[in-house]
Number of protein chains: 2
Amino acid sequence: MARKTGSHSDITGPKVRAAAQQLIARDGFAAVSMRQIAREVGVQAGALYLYTPDKQTLLFDLMRVHMEELMEAVAALDLSGPPQDALETFARFHITFHLDRAEAVFISYMELRNLTPENFAHIADLRLQYETLLETILKRGKAAGRFTVPDTKLATMALIAMLTGLTTWYRDDGRLDRAEIERIYLTMVRQMVSDGATERVEPLAVPL
Amino acid sequence: MARKTGSHSDITGPKVRAAAQQLIARDGFAAVSMRQIAREVGVQAGALYLYTPDKQTLLFDLMRVHMEELMEAVAALDLSGPPQDALETFARFHITFHLDRAEAVFISYMELRNLTPENFAHIADLRLQYETLLETILKRGKAAGRFTVPDTKLATMALIAMLTGLTTWYRDDGRLDRAEIERIYLTMVRQMVSDGATERVEPLAVPL
DNA sequence: GTCTATACAGGGATAGAC
DNA sequence: GTCTATCCCTGTATAGAC
């Protein structure tokens, strides 16, 4: 068999992460062995340790990179406009970003418990930052009397669960295409916060 | 050490399932070993095979029993009234039932991929039956002009994701107690379907 | 019904040759 | 940079004593 010579760390490294992401998303971190990942990449198991200090770091890096890309992408959005616009921008972004990265999303939600406490804390912190962006929009809309949200924190969790849940059942060959799903979800999002466009009565008086 | 004598299968069997549920909810099916479960129960690993033919069946039984209890409990509800009432009854039930069974819920959502195809099909079928109950309520409300729901199937998935998501962050010692959370979520649920009580305009014309 | 003992496969990770 | 070989542990599951 022809065996590769020379340096390939700049190629093999990404291949290792890609294979790990695919396998972990499908079978779960604990169920995937380093030998499987190596087989997928086309190297021996021992060679993986040239690209990652251990299996835990491999998982952490996948989740960290995913969250960093998420934060970078969301930071590029303009969320400074009216809260209704910001909410729509955020929701559209969330749907698109997550549907485009089904594997990474799945891992980031399912494998949190397989992180060491330190690594978990880091990912949880990034996630909280992301959620806070949405909550800030809701707070602005509530303060402006445009949204009727009993509790902005709970609404944040509810909206993210609802939007992210999409990734668990969406299929490319499903009944509705992405544009339709996006439109329908946006309608539900707006209704859930009783977007001011619906001309509702006074917000409920609920303690923060 | 005093060693138990006589028959204990009626006691040890449930203890095995309880230990398995606790450990699998915490660490994941693939990460939990039969040795761990046995240690928790207080028997040797080999003894577990008196109560389950194998590890897969242990997982499947946990999920099957959970889903069967869910279907039995939901069947006892009266969902025949006005759709607004039925939706409220269903949502309250879903929240309470799921918060009371955090471990079983977590397992039923996280470990689907660790089921054999046959076992998966069985659980998926039960879940679809449950979801259909909610969708039926939404269809009734839409037909009666009480709910503004662009798509009942998507609204079903969105509502279930939102309500079930609660279990991932709810803590007994959190900021809000269960009654408050339930009330807030019900408000959001009603708003999301634009419950007719809000006196809205015509439903959007959207293809089924 | 539970035990000890064990079979056998596979796990993560490392050492040292090439 | 990748290989083979290997260490040592743990996995599921079974056999047979008590």
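Here is the naming used below: chain letters follow the sequence lines, and residue numbers restart at 1 for every chain.
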Closest contact, heavy atoms only, Ala155(B) versus Leu138(B):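 Here Ala155(B) and Leu138(B) meet closest at CB-CD1, 3.8 Å.
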Which heavy atom of Glu180(B) sits nearest to which heavy atom of Asp177(B), and what is that distance?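 The pair with the smallest heavy-atom distance is N-OD1, 2.8 Å.
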Roughly how many Å is it from [atom1] in [X] to [atom2] in [N], rounded to a whole number?
X        : N       : atom1 : atom2 : result
Ile11(A) : dG1(D)  : CD1   : P     : 12 Å
Met34(B) : dA13(D) : CE    : P     : 6 Å
Gln56(A) : dG11(C) : CD    : C1'   : 16 Å
Phe29(B) : dG11(D) : CZ    : P     : 13 Å

Mind running a 4.0 Å heavy-atom check of residues 20-28 of chain A against DNA chain D and sending the residues that fall below it, in number order?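 Heavy-atom cutoff 4.0 Å gives no residues at all.
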With a 3.5 Å cut-off and no angle check, do the side chains of His94(A) and Tyr185(A) form a donor-acceptor pair?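 Tyr185(A) and His94(A) do not have a side-chain donor-acceptor pair below 3.5 Å.
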Would you kindly check if the NZ (Lys) or CZ (Arg) of Arg101(B) is within the cone defined by 45 degrees around the ring axis of Phe97(B) and under 6.0 Å from the six-membered ring centre?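 Arg101(B) over Phe97(B) ring: yes.
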Going by the angle between their ring planes, with limits at 30° and 60°, are Phe60(A) and His122(A) parallel, tilted or perpendicular?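 Taking His122(A) first and then Phe60(A), their aromatic rings stand perpendicular (interplane angle over 60°).
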Which of parallel (below 30°), tilted (30 to 60°) and perpendicular (above 60°) describes His66(A) and His98(A)?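 Perpendicular.
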Do Arg92(B) and Glu88(B) meet the salt-bridge criterion of a basic N to acidic O distance under 4.0 Å?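 A salt bridge is present here (some side-chain N lies under 4.0 Å from a carboxylate O).
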Using a strict threshold of under 4.0 Å (side-chain N to carboxylate O), is an ion pair present between Arg127(A) and Glu131(A)?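 Answer for the salt bridge query: no.
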Going by number, which of residues 35-49 of chain A have a non-hydrogen atom under 4.0 Å from DNA chain C?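 When residues 35-49 of chain A is checked for heavy atoms under 4.0 Å from DNA chain C, the hits, listed by number, are Arg35(A), Gly46(A), Tyr49(A).
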Does a side-chain N or O of Ser33(A) approach OP1 or OP2 of dG10(C) to a distance below 4.0 Å, or not?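 No, because none of the side-chain N or O atoms of Ser33(A) sits under 4.0 Å from OP1 or OP2 of dG10(C).
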